[in-house]
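Inspection log for the structure reproduced underneath, given as structure tokens.
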Amino acid sequence: MTVVPPAVVTGETEVAPGGVAKRVGKRLTSRTATVVSILIALLWTVPTFGLFISSFRPENDIKGDGWWNFFTNPSFTLENYQEVLFGTSNVNGRLASYFINSIVITIPSVLFPVFFCSLAAYALAWLNFKGRDWIYIGIFALQIVPLQMALVPLLSFFSRGVSLGGVTILPAWDLQGPDKFIQVWFAHTCFALPLGIFLLHNFMADLPRDLIEAAKVDGASHPKIFRSVVLPLIVPALASFAIFQFLWVWNDLLVALIFAGGNQRTAPLTVRLAEMAGTRGNEWQRLTSGAFISIVIPLIVFLSLQRYFVRGLLAGSVKG
Amino acid sequence: MASARRRSFVALVAAAGLTLGGGLAACSSGEKSSDNLDKPECAAFKDYTGIAGKTVSVYTSIRDAEADLLQQSWKQWADCTGVKIDYEGNGDFEAQLQVRVQGGNAPDIAFIPQPGLLEKLAKAGNLKPAGDKTQTMAKQNYSADWLKYATVDGKLYGAPLGSNVKSFVWYSPKMFKDKGWTIPTSWDELISLSDKIAATGIKPWCAGIESGSATGWPATDWIEDVLLRDQGPDVYDQWVSHSIPFNDPKIASAVDKVGSILKNDKYVNGGLGGVKSIATTSFQAGGTPITQGKCALHRQASFYANQWPQGTKVGEDGDVFAFYFPAVDPSKKPVLGAGEFTAVFDDRPEVQAFQTYLASADHANSRAKLGNWVSANKGLDIANVANPIDKKSVEILKDSSTVFRFDGSDLMPAAVGAGSFWKGMTDWINGKSTKDTLDYIENSWPK
């Protein structure tokens, strides 16, 4: 793993405007780079592979020795999957409902930020107004604020509302039961905005000025330009941001735990996964199969959108 | 292709919308606000009137299968009174509870396993003192030894719920019988038994203290248990309340006594490796070598009964069982244990009623019948406790000669009890000297 940084560093040190992306691209396709990346990929996959093998081993084997013993002493069972998906106890049998919760949480938490970020990025890139750069810098700087800092104030904002010197400015939201999804969407959207705006802004600012001006000359208003000219051009960036956000929200435990709670009606899959081992962790063999069940959707999303992902990543970040 | 993808996406969103809508509809349709107290099976609960149709939210660290049993245990009460119990269990309970309380989103009732945390919340004014009925019920069913852990500034904040006994040494009855070993009844007998076992080529003790971010806690239990035996309950109390320093010579003596077992190469770590393997073995796997005949003794709490590999029979005639961790002076009977306390953040009548019910013998028995439960409730009928190790625990807790002390690390400030004490003990196992370890923990005590 220590082999990689030099390749990247040399790419960065020779900063020549214009050709950087090309040179990085070239470096990344050389033979040594390919060998190194295959090695890294293998190294990274081994633990996941081990987990995968483990998920098919009987409980006592998992607890007794390492997954590699599977090859000398193969024993195969689907019991772990059976237990997690269709277990007879109250909570186990309902993995499906947590799955739905995860989907209900994730989809709006991806769509809202994508929508707001693209609008904000457009405004910051192509509308001329006073203080625009300062606002952009402010948003950019917000990325360094860890979200953990905002948890308690945000929770208090939902449950107590906002009041200043005894005057209620915003009442408490007082959301109960399934309404708590709204809190989660709100929280995820807030936390996604700085990075999203930054990514999309960089991408949008790179669009040729002529294009926008031509549209203006043709009498297009800003909403029209945004919809017909800009939006189709930034699809790769939108898709890559959407995948980022999707993976982040799908795998998120902390935000969901605080804003959705651990209740079966609102908690996502990650919350259930964290509980699955039991109060004292005695059923941890279930985590093997549980992890793979929770991976399924992100894998599908990632694989079906990966071509955007690579394109969007390079375009959004490497271009100066 | 593109349109197919779009269609499936629309379907997904629609599905999401439907579930959400369905959930909202189910919620707004409203629950029946009538109770069933006049039914014959509800005779025991006829005092809990006027709370039908209300909801009580519960937040605990108990989850998965045990949570199912707990919810089942109060189902009849909930059906009879018409109260809905909204249960939530979480592994990160201690941290999450504080976030929720600060964020103004506290649950109605929480089962708090750390009296230290309960005290902190009570002093900050977040908790409501127990109502009159709860107090009466708690005093009737629990000894003062237990209630003092839920009492802050003279006010009782809740009653104990479940408990566990930590002063147990697990062994294999079959192995003991085959080799002709007998169960020790004093510390000296325990050590001579260990020597005897060591002479046969088996390392007598096995232990594991790895437990993720809580690595080290099983070792703190060792120290507490031995301190209770080596120095007695009074020194133990002084140590917990920090009226003697953590690095007091009396504490060092107890730690060294633990070291004579846990850091003794002849004694550990049966079937797992050398002394340092204690730090890398998970607490769940710490006793497993007993089932393989590679280790003879494993000191761990009653709840370890659930950690044995599938198919292991727990019982006096089974594969594994536990004996009472003997005292230095066999006439004394110090017991280390732990448990959770019910504490309320709201004093609405239905919340108080639920708290009262949880302190009652009705609930203790209802929960015990479902199995896997130990409680210090005096009204608990031992016939309802099926599991042999739970039975033994309840017997110990009920025994009037028992001197009970709560797990010290749960009473200390979190910085020590859930921080430097764990870490210090892990370093200690890894070779740090007793003096350095205790100095380190003493320095970390919040001033």
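So you know, we letter chains A, B, ... as the sequences are listed, proteins then strands, and number each from 1.
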B:Lys313 NZ: over 12 foreign heavy atoms closer than 6.0 Å: yes
More than 12 heavy atoms of other groups within 6.0 Å of A:Trp248 CH2: no
From CA spacing to verdict: side chain to side chain contact (heavy atoms under 4.5 Å, CB included), A:Ile258, B:Arg100: CA-CA 7 Å; A:Ile258 289 174; B:Arg100 288 203 181 184; 5.8 Å; no
4.5 Å side-chain heavy-atom contact, A:Glu275 and B:Ile62: no
Interchain contact, [X] with chain A, by part (heavy-atom threshold 4.5 Å):
X        : result
B:Val58  : neither
B:Gln284 : side chain
B:Tyr87  : backbone
B:Gln310 : both

From CD (B:Gln96) to CG (A:Leu151), nearest 0.5 Å: 8.5 Å
A:Leu254 versus chain B, the contacting section by heavy-atom distance below 4.5 Å: side chain
Minimum heavy-atom separation for [X] to [Y], with atom names?
X        : Y        : answer
A:Asn60  : B:Pro309 : OD1-CB, 3.5 Å
A:Leu155 : B:Val99  : CD2-O, 3.8 Å
A:Ser159 : B:Gly103 : OG-O, 2.5 Å

Partner chain A: residue of B:Asp86, B:Thr60, B:Asp92, B:Thr288 with the largest heavy-atom pair count (under 4.5 Å): B:Asp86
